[in-house]
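A short worksheet on the structure shown next.
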Amino acid sequence: MTGFWKSWMTIWCWMTLGFGVLFAGAATPATDAGARLFFDIVDGARHDPALFDDPAMRFAQGLIGAIMIGWAMTLFTAVRAADLAGPAVWRGLTGAVIVWYAIDSAISVGTGFPINAVTNTLFVAGFLAPVVGSGVLRAHARAATA
(Lines give C-alpha, C1' and ligand atoms only; values in the text may rest on other atoms or scores of the structure.)
Protein backbone atom coordinates (compact mmCIF):
# COMPACT_ATOMS: atom_id res chain seq x y z
CA MET A 1 0.00 0.00 0.00
CA THR A 2 1.43 3.34 -1.01
CA GLY A 3 0.60 7.01 -1.37
CA PHE A 4 -2.91 8.18 -0.63
CA TRP A 5 -4.17 4.83 0.64
CA LYS A 6 -1.19 4.37 2.97
CA SER A 7 -1.80 7.84 4.43
CA TRP A 8 -5.50 7.02 4.85
CA MET A 9 -4.66 3.78 6.67
CA THR A 10 -2.18 5.57 8.93
CA ILE A 11 -4.83 8.15 9.84
CA TRP A 12 -7.31 5.32 10.49
CA CYS A 13 -4.85 3.69 12.90
CA TRP A 14 -4.32 7.03 14.68
CA MET A 15 -8.11 7.44 14.97
CA THR A 16 -8.30 4.02 16.61
CA LEU A 17 -5.64 5.13 19.06
CA GLY A 18 -7.57 8.36 19.70
CA PHE A 19 -10.74 6.47 20.56
CA GLY A 20 -8.71 4.31 22.92
CA VAL A 21 -7.41 7.40 24.70
CA LEU A 22 -10.97 8.79 24.83
CA PHE A 23 -12.27 5.66 26.57
CA ALA A 24 -9.25 5.30 28.83
CA GLY A 25 -10.09 8.81 29.98
CA ALA A 26 -13.43 7.55 31.28
CA ALA A 27 -11.57 5.98 34.19
CA THR A 28 -11.37 9.32 36.01
CA PRO A 29 -13.90 12.15 36.45
CA ALA A 30 -11.37 14.76 35.32
CA THR A 31 -10.95 13.14 31.90
CA ASP A 32 -14.29 11.47 31.14
CA ALA A 33 -15.91 14.20 29.00
CA GLY A 34 -15.14 12.47 25.69
CA ALA A 35 -16.57 9.14 26.80
CA ARG A 36 -19.65 10.88 28.22
CA LEU A 37 -20.17 12.63 24.87
CA PHE A 38 -19.79 9.32 23.03
CA PHE A 39 -22.45 7.73 25.27
CA ASP A 40 -24.75 10.71 24.73
CA ILE A 41 -24.41 10.22 20.97
CA VAL A 42 -24.86 6.44 20.83
CA ASP A 43 -27.54 6.34 23.52
CA GLY A 44 -29.41 9.51 22.60
CA ALA A 45 -28.74 10.79 26.14
CA ARG A 46 -31.22 8.20 27.53
CA HIS A 47 -28.80 6.97 30.18
CA ASP A 48 -28.55 8.31 33.69
CA PRO A 49 -25.74 10.89 33.90
CA ALA A 50 -24.73 9.20 37.16
CA LEU A 51 -23.76 6.13 35.11
CA PHE A 52 -20.13 7.22 35.27
CA ASP A 53 -20.30 7.45 39.06
CA ASP A 54 -20.27 3.66 39.20
CA PRO A 55 -16.68 2.43 39.73
CA ALA A 56 -17.42 -0.69 37.66
CA MET A 57 -18.44 1.51 34.71
CA ARG A 58 -15.26 3.56 35.03
CA PHE A 59 -13.22 0.37 35.22
CA ALA A 60 -14.95 -1.16 32.18
CA GLN A 61 -14.60 1.97 30.05
CA GLY A 62 -10.99 2.51 31.09
CA LEU A 63 -10.24 -1.12 30.28
CA ILE A 64 -11.90 -0.79 26.87
CA GLY A 65 -9.70 2.25 26.28
CA ALA A 66 -6.57 0.31 27.18
CA ILE A 67 -7.63 -2.53 24.87
CA MET A 68 -8.25 -0.09 22.03
CA ILE A 69 -4.87 1.56 22.56
CA GLY A 70 -3.25 -1.87 22.41
CA TRP A 71 -5.34 -2.73 19.35
CA ALA A 72 -4.24 0.48 17.64
CA MET A 73 -0.59 -0.29 18.32
CA THR A 74 -1.15 -3.82 16.99
CA LEU A 75 -2.84 -2.40 13.90
CA PHE A 76 0.11 -0.11 13.20
CA THR A 77 2.37 -3.17 13.33
CA ALA A 78 0.00 -5.43 11.39
CA VAL A 79 -0.45 -2.88 8.60
CA ARG A 80 3.32 -2.59 8.26
CA ALA A 81 3.68 -6.40 8.28
CA ALA A 82 0.91 -6.73 5.70
CA ASP A 83 2.69 -4.24 3.45
CA LEU A 84 5.86 -6.31 3.71
CA ALA A 85 4.28 -9.78 3.47
CA GLY A 86 1.50 -9.15 0.97
CA PRO A 87 -2.09 -10.21 0.31
CA ALA A 88 -2.24 -13.19 2.69
CA VAL A 89 -1.56 -10.94 5.69
CA TRP A 90 -3.93 -8.27 4.36
CA ARG A 91 -6.64 -10.93 4.08
CA GLY A 92 -6.04 -12.07 7.66
CA LEU A 93 -6.07 -8.52 8.99
CA THR A 94 -9.22 -7.73 7.02
CA GLY A 95 -10.88 -10.87 8.36
CA ALA A 96 -10.03 -9.85 11.93
CA VAL A 97 -11.56 -6.40 11.44
CA ILE A 98 -14.71 -7.92 9.90
CA VAL A 99 -15.08 -10.40 12.80
CA TRP A 100 -14.75 -7.53 15.30
CA TYR A 101 -17.30 -5.52 13.32
CA ALA A 102 -19.87 -8.33 13.21
CA ILE A 103 -19.61 -9.18 16.92
CA ASP A 104 -19.43 -5.61 18.20
CA SER A 105 -22.31 -4.46 15.99
CA ALA A 106 -24.52 -7.43 16.94
CA ILE A 107 -23.89 -6.72 20.63
CA SER A 108 -24.59 -3.02 20.06
CA VAL A 109 -27.94 -3.68 18.41
CA GLY A 110 -28.85 -6.48 20.82
CA THR A 111 -28.24 -4.34 23.89
CA GLY A 112 -30.13 -1.31 22.59
CA PHE A 113 -27.26 0.80 21.21
CA PRO A 114 -27.85 0.61 17.44
CA ILE A 115 -26.13 3.94 16.81
CA ASN A 116 -22.88 2.28 17.88
CA ALA A 117 -23.38 -0.19 15.02
CA VAL A 118 -23.62 2.82 12.71
CA THR A 119 -20.33 4.22 14.04
CA ASN A 120 -18.83 0.73 13.65
CA THR A 121 -19.96 0.74 10.02
CA LEU A 122 -18.21 4.06 9.42
CA PHE A 123 -15.11 2.74 11.17
CA VAL A 124 -14.95 -0.51 9.17
CA ALA A 125 -15.62 1.42 5.94
CA GLY A 126 -12.63 3.60 6.85
CA PHE A 127 -10.53 0.44 6.97
CA LEU A 128 -11.98 -1.20 3.86
CA ALA A 129 -11.68 1.87 1.62
CA PRO A 130 -7.86 1.80 1.42
CA VAL A 131 -7.72 -2.01 1.49
CA VAL A 132 -10.07 -2.36 -1.47
CA GLY A 133 -9.00 0.87 -3.18
CA SER A 134 -5.30 0.00 -3.12
CA GLY A 135 -5.82 -3.57 -4.33
CA VAL A 136 -3.64 -5.11 -1.59
CA LEU A 137 -5.92 -8.16 -1.35
CA ARG A 138 -5.09 -9.30 -4.88
CA ALA A 139 -2.41 -11.96 -5.30
CA HIS A 140 -0.27 -9.73 -7.54
CA ALA A 141 -0.61 -6.70 -5.25
CA ARG A 142 2.67 -7.34 -3.43
CA ALA A 143 4.76 -6.52 -6.49
CA ALA A 144 2.63 -3.45 -7.17
CA THR A 145 3.00 -2.06 -3.65
CA ALA A 146 6.69 -2.82 -3.07
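This structure is a prediction, so every number in the text was calculated from the model and none was measured.
Put simply, the side chain of Asn120 reaches to within 4.5 Å of the side chain of Trp100, judged on heavy atoms. Under the 4.5 Å side-chain criterion, counting only non-hydrogen atoms from C-beta, Val21 is in contact with Ile69. By the 4.5 Å heavy-atom criterion applied to side chains, Met57 and Phe39 are counted as neighbours. For the pair Ile67 and Phe23, the minimum side-chain heavy-atom distance is 4.5 Å or more.
For Thr16, the side-chain hydrogen bond (donor to acceptor under 3.5 Å, both in side chains) criterion is met by no residue, not counting sequence neighbours. Not counting sequence neighbours, the partners of Thr121 by the side-chain hydrogen bond (donor to acceptor under 3.5 Å, both in side chains) test are Tyr101. Annotation: side-chain hydrogen bond (donor to acceptor under 3.5 Å, both in side chains) contacts of Thr31 (sequence neighbours excluded): Thr28. Take Thr94 and apply the side-chain hydrogen bond (donor to acceptor under 3.5 Å, both in side chains) test, not counting sequence neighbours, and it matches no residue.
Other residues, nucleotides and ligands place no more than 12 heavy atoms under 6.0 Å from the CE atom of Met73.
Separation of the Phe19 and Phe123 ring centroids does not fall under the 6.0 Å cut-off.
Grouping Ile, Leu, Val, Met, Phe, Trp and Tyr residues whose side-chain heavy atoms lie under 4.5 Å apart, directly or via other members, leaves Val118 alone, with no other cluster members.
A donor-acceptor contact shorter than 3.5 Å links the side chain of Arg91 to the backbone of Leu137.
Residue pairs meeting the salt bridge (charged side-chain N to carboxylate O under 4.0 Å, His left out) criterion with at least one partner in residues 28-39, sequence neighbours excluded, are Asp32-Arg36, Asp32-Arg58.
Here Arg138 contributes atom CZ and Trp90 contributes atom CH2; the two are 13.0 Å apart, rounded to the nearest 0.5 Å.
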